[in-house]
Amino acid sequence: MKLIEVRLIFEADEPQYVKKEITDLFYEFGVQGLKIDEPMERDSLDYYRDEKIFLQRDYAVSAYFPINLYVEKKKSLIINTFEEKFKEREDLIYSLDFYELDEEDYQNSWKKYLYPEKVSERFVVKPTWREYEAEEDEIVIELDPGRAFGTGSHPTTSLCIKQMEEYICEGNSVIDVGTGSGILMVAACKLKASEVWGVDIDPLAIEVAKENLELNKVCMDNIKLFKGNLVKVVEDKKFDVVVANILADVILLLLNDMSTVVKKGGLMILSGIIEDKANDVKRKINSLRYEIISETKDKEWVSFTARA
């Protein structure tokens, strides 16, 4: 099947607000899929082979529609709708382009935007289809994120990995709640944790995490993956470190359960927390009598490390 990619590139005074406006409009048109690109951090250029190719300077939203009898009419309607909505705006400039794709190209198009990225002092996350020559002190995570959340490039994941690198010690037991792509489990293994568990309610995430763990050739004897509810999975076991990179609302729901699986003196490393929800999470942590020993921030995202 042939698809049309509608790609809108923009600069704006408030890009996150404008991004939502654009995606909402595309959803009204009945998109088959959406892809959002944001500018790469300037200080990450050291980790890219050719900055002229890899530097994404602007925000962009791509929408995908099937090619059918109505596609030309839909293209005209999209052009007119965006012109009408944005032509008088002084807070942004944009360009709108259309590309024809095969469905196979669409399914794999996201891959061309992912490159090796150093996400902490030592960790580099490398997509499996890229080449990368590690420095002596670097730890490389091979990742094929395709079907589950967790590429390492998102601030929530890098915040979490930075805290793991600082606080996880050799021989610790670690559980990753909402494991997604398994990237945090791989990081824990490479930090020489003695036992690493992962739990997720999505069976697809469990499958992808297992593939990424095997891809990184970590010792599978000390690894366990479970689908289901945290408390039912863990039962009476406790861990040195609980990590969770999930949405703040989910963290708030699960904090009581997570606190029951942490050893006395153990740690919870929590990420995925939007700034507006940070105080709610902090209050909940304090109510559990945990001590917040680290609070870090990247853009609008916040991460907490708390000790039992």
Side-chain angles (χ1 to χ4, degrees), residues 16-17 19-20 23 36 119 148-168 172-185 187-188 196-206 209 225-308:
Q16 298 300 328
Y17 175 77
K19 181 176 69 177
K20 185 178 186 306
T23 56
I36 298 171
V119 297
F149 177 77
T151 65
S153 61
H154 195 277
T156 63
T157 310
S158 60
L159 281 170
C160 208
I161 289 177
K162 286 172 184 174
Q163 295 300 292
M164 292 173 69
E165 184 178 316
E166 181 171 354
Y167 290 106
I168 289 179
N172 280 167
S173 56
V174 179
I175 184 168
D176 178 16
V177 180
T179 194
S181 67
I183 184 173
L184 301 183
M185 293 183 69
V196 180
W197 287 25
V199 58
D200 203 298
I201 60 172
D202 184 355
L204 181 59
I206 299 299
L225 272 165
F226 300 94
K227 174 189 173 295
N229 177 275
L230 172 64
V231 173
K232 290 181 180 178
V233 163
V234 173
E235 295 181 345
D236 297 328
K237 187 173 177 60
K238 293 185 182 291
F239 296 83
D240 296 303
V241 183
V242 174
V243 297
N245 179 26
I246 46 183
L247 294 175
D249 287 336
V250 181
I251 287 176
L252 288 167
L253 288 172
L254 292 181
L255 263 171
N256 284 336
D257 290 346
M258 287 193 284
S259 69
T260 66
V261 302
V262 183
K263 292 179 180 178
K264 181 64 177 175
L267 300 175
M268 285 196 296
I269 298 174
L270 308 172
S271 192
I273 303 162
I274 194 73
E275 189 175 16
D276 291 346
K277 298 278 187 177
N279 285 333
D280 294 337
V281 175
K282 188 183 294 187
R283 281 192 292 269
K284 182 65 176 178
I285 293 170
N286 290 333
S287 75
L288 295 169
R289 307 289 180 91
Y290 276 64
E291 176 194 4
I292 296 175
I293 61 174
S294 176
E295 178 179 343
T296 55
K297 185 178 177 183
D298 187 351
K299 297 177 182 174
E300 69 269 34
W301 300 101
V302 179
S303 173
F304 294 110
T305 298
R307 191 184 304 279

Check for a donor-acceptor pair, side chain of D240 on one end and backbone N or O of G266 on the other, with a separation under 3.5 Å.
no
Go through the steps to decide whether L270 and M258 satisfy the test side-chain contact (heavy atoms from CB on, under 4.5 Å), and finish with yes or no.
CA-CA 10 Å; L270 308 172; M258 287 193 284; 4.0 Å; yes
Return the CD to CD1 distance between E291 and I285, rounded to the nearest 0.5 Å.
11.5 Å
Identify the two heavy atoms, one from A248 and one from V281, that lie closest to each other, and give their separation to 0.1 Å.
CB-CG2, 4.2 Å
Take atom NZ in K237; do more than 12 heavy atoms of anything else shown fall under 6.0 Å from it?
yes
Kindly give the heavy-atom pair with the smallest separation between G228 and V199, and that separation in Å.
O-CG2, 3.3 Å
Hey, mind stepping through W197 and D176 against side-chain contact (heavy atoms from CB on, under 4.5 Å) and telling me if it holds?
CA-CA 6 Å; W197 287 25; D176 178 16; over 6 Å; no
State whether the number of non-hydrogen atoms from other residues, nucleotides or ligands found under 6.0 Å of I201 atom CD1 is greater than 12.
no
Which of these, I161, V196, I175, T179, sits in a side chain to side chain contact (heavy atoms under 4.5 Å, CB included) with L184?
I161
Using atom types as modelled and distance alone, determine if a side-chain donor or acceptor of T305 lies under 3.5 Å from a backbone N or O of I269.
no
Yes or no on side-chain contact (heavy atoms from CB on, under 4.5 Å) for I246 and L254, after CA distance, side-chain angles and deciding distance?
CA-CA 10 Å; I246 46 183; L254 292 181; 4.0 Å; yes
Check the side chains of S303 and Q163 for a donor-acceptor pair under 3.5 angstrom, ignoring hydrogens and angles.
no
V119 versus T157: any side-chain heavy-atom pair under 4.5 Å?
no
Straight-line distance of I273 CD1 to I251 CD1, nearest 0.5 Å:
4.0 Å
Shortest non-hydrogen separation from N245 to C160 and the atoms involved
CB-SG, 4.4 Å
When rounded to the nearest 0.5 angstrom, what distance separates NZ in K264 from NZ in K238?
11.0 Å
When rounded to the nearest 0.5 angstrom, what distance separates OH in Y167 from NZ in K162?
13.5 Å
Could you check if a side-chain atom of L255 sits within less than 4.5 angstrom of a side-chain atom of M268, using non-hydrogen atoms only?
yes
Check the pair V174, M185 against side-chain contact (heavy atoms from CB on, under 4.5 Å), reporting the backbone distance first and the verdict last.
CA-CA 8 Å; V174 179; M185 293 183 69; over 6 Å; no
Looking at CH2 of W301 and CG of L159, how far apart are the two atoms once the value is rounded to the nearest 0.5 Å?
10.0 Å
Mind checking the CG-CG spacing from N256 to L230? Nearest 0.5 Å is all I need.
11.5 Å
Check: Y290 side chain, S259 main-chain N or O, donor-acceptor pair, under 3.5 Å
yes
Is a side-chain donor or acceptor of D200 paired with a backbone partner of G180 at a separation under 3.5 angstrom?
yes
